[in-house]
J.: 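I have a structure I would like to understand better, so I am pasting it below and will then ask my questions one at a time.
Note that this is a predicted model, so its numbers are computed, not measured. Below, chain A is the first sequence line, B the second, and so on; all start at residue 1.
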Amino acid sequence: MEIQRPRGTRDFLFNEMKERKCVESTMRQIFETYGYGEIKTPIFEELSLFTTKSGEGIKDQIYHFQDKGGRDLALRPELTAPVARMYIKELQKTPKPVKMYYFGSCFRYERPQAGRFRQFWQFGCELIGGKSPGSEAEVISMAAHCLEELGLKDFEIHIGNLGILRNILNDANIEGDMQDQVMGIIDKGDVNELANLLEDIEVDDNSKELLLKLIGMKGNSSIIKDVEALINCSEHACNALFELEELLKSLEAFGFSDYVVNLGIARGLDYYSGTVFEIYVHGLGAQKQISGGGTYNLIEVFGGENVESTGFAFGFDRVMDALKKQEKSIETKPSVKVFVAPIKNDLKLKAFEIAQKLRKNGISTDVDLVGKKLKKILSYADTLKIDYVVLVGARDLEEGNVTVKNMISGEQEIVSIENIAESLKHKLGT
RNA sequence: GCCGGGGUAGGGUAGGUGGUUAUCCUACGGGACUGUGGAUCCCGCGACUCGGGUUCGAAUCUCGGCCCCGGCCCCA
């Protein structure tokens, strides 16, 4: 019986792995350029880490289990909670802001579909402490920088601010769970459902109208004035709006102005307080969102000090999808450059010796291990797009030489074994 | 959890109104060719997603599972 891959999981072969690696290292490099350090947390955590953050209902979508000691554990469904946990344990007393990034796989028990898998990868960061429009702007700029560096086109970064909405809800006496519920519906973008709910809970007409107008506000920085005119009666909401305005100014200073202000972005969880942003790429089907982030106070939820943090994560697989859809070619040169081929099988030990000499000199080298015929080796080297084949034969060997064959031009050159590494390095241009 | 479309060698496919040994391409292994690759020819390898049902007989019809694709719900 054939054993199948678990549902919603994937195998990555050589080429795909190379592409992923290439994107990963680009992201890594950018994040490090902005002063972030890499961290890594366990693949599984205590289940309660995630239920504390997102509620008991989240269990349905988590791979969780009991280990042999009866501990309730879960494969991590996301990385911000583990990072917050780690921060509290290890980093609370380090100078702020703490800037860290991570890359790792997460697991969710969901119905697989385009851009959605049961094991998927997130590449993200957290900037803990030092909340300011500047911090938020830097984080957003970095996200944009990554995508530009990768050559991704037509991405849209939407920026919103939950403080505006929450303050208006507060002023209308919608608080606590009801407020989170309203935010959840705004997040869904269902205007009718929102109107009905506001009707049901008897919100005054002014607030209702204001909310419905606000969540439709979308555009460049010029809409700030329109929003201001709308909410001029609310002092707290105006403070939040001012925060947003500061963020936009900082963003321009960081050199990124191609954003969309979108006050319809929301989150149904109460530790999201201020700035939120999402990145979309159209043409990816239902899963067009490739990244999401914002500012939140999660540390306190886990019993740490009251510190706000800003973070975001790329849905790594979706970034890959988007790049592929745009036919963005990603460098996938074969890594092996040289193949050492014994002309007769009785010279294989000499071939091993030469191959090893090249490897010790940093040249990616393959060697025939199974006694293939020369013809087959050359054919094999050809399909693998290998640059040079070192032919090890008795005639040359008598003089201490081998023949180096250029697989593209077909030219051959006799080289002494002594100089073989140097000669190949030179030919390969390294 | 729900709705729709699918599943034939490693990859891509033909066959579908039930009827010998399931088509073709490609890849792979061997040979023609004992120190020289990409071409050609020959040979070989290799599949009906799984299980039940109808039937003398199922890749084909039927039911269910599994998996894939698209969408809904959800999306921390």
Side-chain angles (χ1 to χ4, degrees), chain A residues 1-11 13 15 45 49-62 74 76-84 106-118 120 122 124 180 183-185 187-190 193 266-272 276 278 284-294 296 298 301 311-313 315 318 339 341-347 370 372-398 401-412 414:
Chain A
M1 197 191 78
E2 194 178 341
I3 296 172
Q4 289 183 321
R5 224 188 302 129
R7 180 156 207 217
T9 62
R10 291 157 295 166
D11 295 314
L13 269 49
N15 260 341
E45 296 269 0
L49 177 65
F50 304 108
T51 52
T52 302
K53 178 179 182 241
S54 307
E56 286 292 312
I58 210 69
K59 277 192 194 167
D60 290 345
Q61 289 160 74
I62 290 184
R76 60 188 184 196
E78 46 103 6
L79 281 158
T80 55
V83 169
C106 301
F107 305 82
R108 292 185 192 176
Y109 192 85
E110 292 183 299
R111 178 82 165 74
Q113 52 180 290
R116 182 180 284 187
F117 303 93
R118 289 184 169 182
F120 58 98
Q122 288 197 333
D180 292 344
M183 294 299 274
I185 291 168
D187 185 32
K188 267 165 77 174
D190 191 330
E193 195 181 344
R267 298 282 145 87
L269 295 164
D270 61 5
Y271 46 78
Y272 281 95
V276 283
E278 295 179 349
L284 285 186
Q287 316 297 331
K288 62 177 181 172
Q289 188 181 335
I290 61 166
S291 176
Y296 32 84
L298 192 53
V301 174
F312 79 97
R318 291 184 188 172
F339 200 106
I343 286 170
K344 294 265 182 62
N345 194 36
D346 58 0
L347 293 172
V370 294
K372 270 195 217 241
K373 290 192 173 157
L374 182 58
K375 199 176 259 296
K376 294 287 171 188
I377 295 177
L378 287 169
S379 166
Y380 179 76
D382 181 52
T383 54
L384 260 61
K385 296 196 165 54
I386 277 166
D387 298 330
Y388 292 95
V389 170
V390 175
L391 297 160
V392 183
R395 286 206 303 255
D396 295 337
L397 224 44
E398 276 174 26
N401 295 332
V402 289
T403 298
V404 174
K405 182 182 181 77
N406 179 325
M407 290 299 282
I408 295 152
S409 66
E411 282 167 18
Q412 300 194 165
I414 299 200

J.: For atom P, what is the distance between B:C24 and B:U34, given to the nearest Å?
T.: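 Pairwise P distance, B:C24 against B:U34, rounds to 31 Å.
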J.: Say we look at B:G5 and B:C74: how far apart would their C1' atoms be, to the nearest angstrom?
T.: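 Those two atoms are separated by 23 Å.
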J.: Please check this pair: side chain of A:R118 against backbone of A:P112, looking for a donor-acceptor N/O pair closer than 3.5 Å.
T.: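 Not a single qualifying donor-acceptor pair exists.
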J.: Measuring only the C1' atom in each nucleotide, how far is B:C48 from B:U60? A whole number of Å is fine.
T.: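 B:C48 and B:U60 have their C1' atoms separated by 10 Å.
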J.: Could you tell me the separation between the CG atom of A:L384 and the C1' atom of B:A27, rounded to a whole number of Å?
T.: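 So the CG-C1' distance, A:L384 to B:A27, works out to 14 Å.
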J.: Between B:G64 and B:C43, how many Å separate the two C1' atoms, rounded to a whole number?
T.: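 Result for the C1' pair: 44 Å, nearest Å.
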J.: Taking all non-hydrogen atoms of both residues into account, name the closest pair between A:R267 and A:M183 and its distance.
T.: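 Taking every non-hydrogen atom into account, O-CB, 3.3 Å.
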J.: A:I58 near the nucleic acid: base, sugar-phosphate alone, or nothing, with a heavy-atom cut-off under 4.0 Å?
T.: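 Here A:I58 touches the bases of the nucleic acid.
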J.: Mind listing the N/O atom pairs, protein and nucleotides 33-43 of chain B, below 3.5 Å?
T.:
from, atom 1, to, atom 2, distance (Å)
B:C33, O2, A:K375, NZ, 2.8
B:G35, O6, A:A394, N, 3.4
B:G35, O6, A:R395, N, 2.3
B:U36, O2, A:K405, NZ, 3.0
B:U36, O2, A:Q412, OE1, 2.8
B:U36, N3, A:Q412, OE1, 2.7
B:U36, N3, A:Q412, NE2, 3.4
B:U36, O4, A:Q412, NE2, 3.3
B:G37, OP1, A:K375, NZ, 2.7
B:G37, N1, A:M407, O, 2.7
B:G37, N2, A:D382, OD1, 2.8
B:G37, N2, A:M407, O, 2.9
B:G38, O4', A:D382, OD2, 3.4
B:G38, N2, A:D382, OD1, 3.3
B:G38, N3, A:D382, OD1, 3.4

J.: My understanding is that a pair needs two contacts under 3.5 Å, Watson-Crick or G-U wobble. By that rule, which nucleotide pairs with B:A39?
T.: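 None - no nucleotide pairs with B:A39, as no candidate has both distances under 3.5 Å.
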J.: Taking the same atom, P, in B:G6 and in B:C61, what whole-Å distance lies between them?
T.: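 The answer is 11 Å between these two P atoms.
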J.: Can a salt bridge be assigned to the pair A:K59 and A:E56 using a cut-off of 4.0 Å between side-chain N and carboxylate O?
T.: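 Between A:E56 and A:K59 there is a salt bridge, with a charged N closer than 4.0 Å to a carboxylate O.
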J.: Report which part of the nucleic acid A:Y272 touches: base, sugar-phosphate, or nothing (heavy-atom distance under 4.0 Å, all strands).
T.: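 Sugar-phosphate contact only - A:Y272 comes under 4.0 Å of backbone atoms but never of a base.
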J.: Mind checking what makes side chain to side chain contact (heavy atoms under 4.5 Å, CB included) contact with A:I62, not counting sequence neighbours?
T.: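 Residues passing side chain to side chain contact (heavy atoms under 4.5 Å, CB included) with A:I62: A:L47, A:F50, A:I58, A:H64, A:A74, A:P77.
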J.: Could you pull out all residues at least two apart from A:L378 that satisfy side chain to side chain contact (heavy atoms under 4.5 Å, CB included)?
T.: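 Result, side chain to side chain contact (heavy atoms under 4.5 Å, CB included) vs A:L378: A:L374, A:V389, A:K405, A:M407.
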J.: Does A:D387 have any side chain to side chain contact (heavy atoms under 4.5 Å, CB included) partners at least two apart in sequence or in another chain, and if so, which?
T.: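 A:D387: side chain to side chain contact (heavy atoms under 4.5 Å, CB included) contacts with A:K337, A:I408, A:L428.
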J.: Among residues at least two apart in sequence or on other chains, which ones pass side chain to side chain contact (heavy atoms under 4.5 Å, CB included) with A:K372?
T.: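 Here the qualifying residues are A:D368, A:V370, A:K376, A:I377, A:Y380.
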J.: A:L13 vs A:N15, test: side-chain contact (heavy atoms from CB on, under 4.5 Å). Steps then yes/no.
T.: CA-CA 6 Å; A:L13 269 49; A:N15 260 341; over 6 Å; no
J.: Taking the same atom, P, in B:U13 and in B:C72, what whole-Å distance lies between them?
T.: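 Their P atoms lie roughly 26 Å apart.
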J.: Each nucleotide in nucleotides 69-75 of chain B should get exactly one letter: B, S or -. Can you fill that in based on protein heavy atoms under 4.0 Å?
T.: BBBBBBB
J.: Does B:C67 have a Watson-Crick or wobble mate here (both distances under 3.5 Å), and if so which one?
T.: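 Base partner found: B:G6.
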J.: How would you label the contact of A:G293 with the nucleic acid (heavy atoms, under 4.0 Å): base, sugar-phosphate, or nothing?
T.: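 The residue A:G293 makes no contact with any strand.
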J.: Test your reading of the model: is there a side-chain donor-acceptor pair from A:S291 to the backbone of A:E278, 3.5 Å cut-off?
T.: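 Flag not set: sc A:S291 to bb A:E278 has no pair under 3.5 Å.
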J.: Can you tell me, in whole Å, how much space there is between the P of B:U55 and that of B:A9?
T.: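 These two P atoms come out 30 Å apart once rounded.
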J.: Using the P atom on both, measure B:U49 against B:A59 and round to a whole Å.
T.: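 The same atom, P, in both gives a distance of 10 Å.
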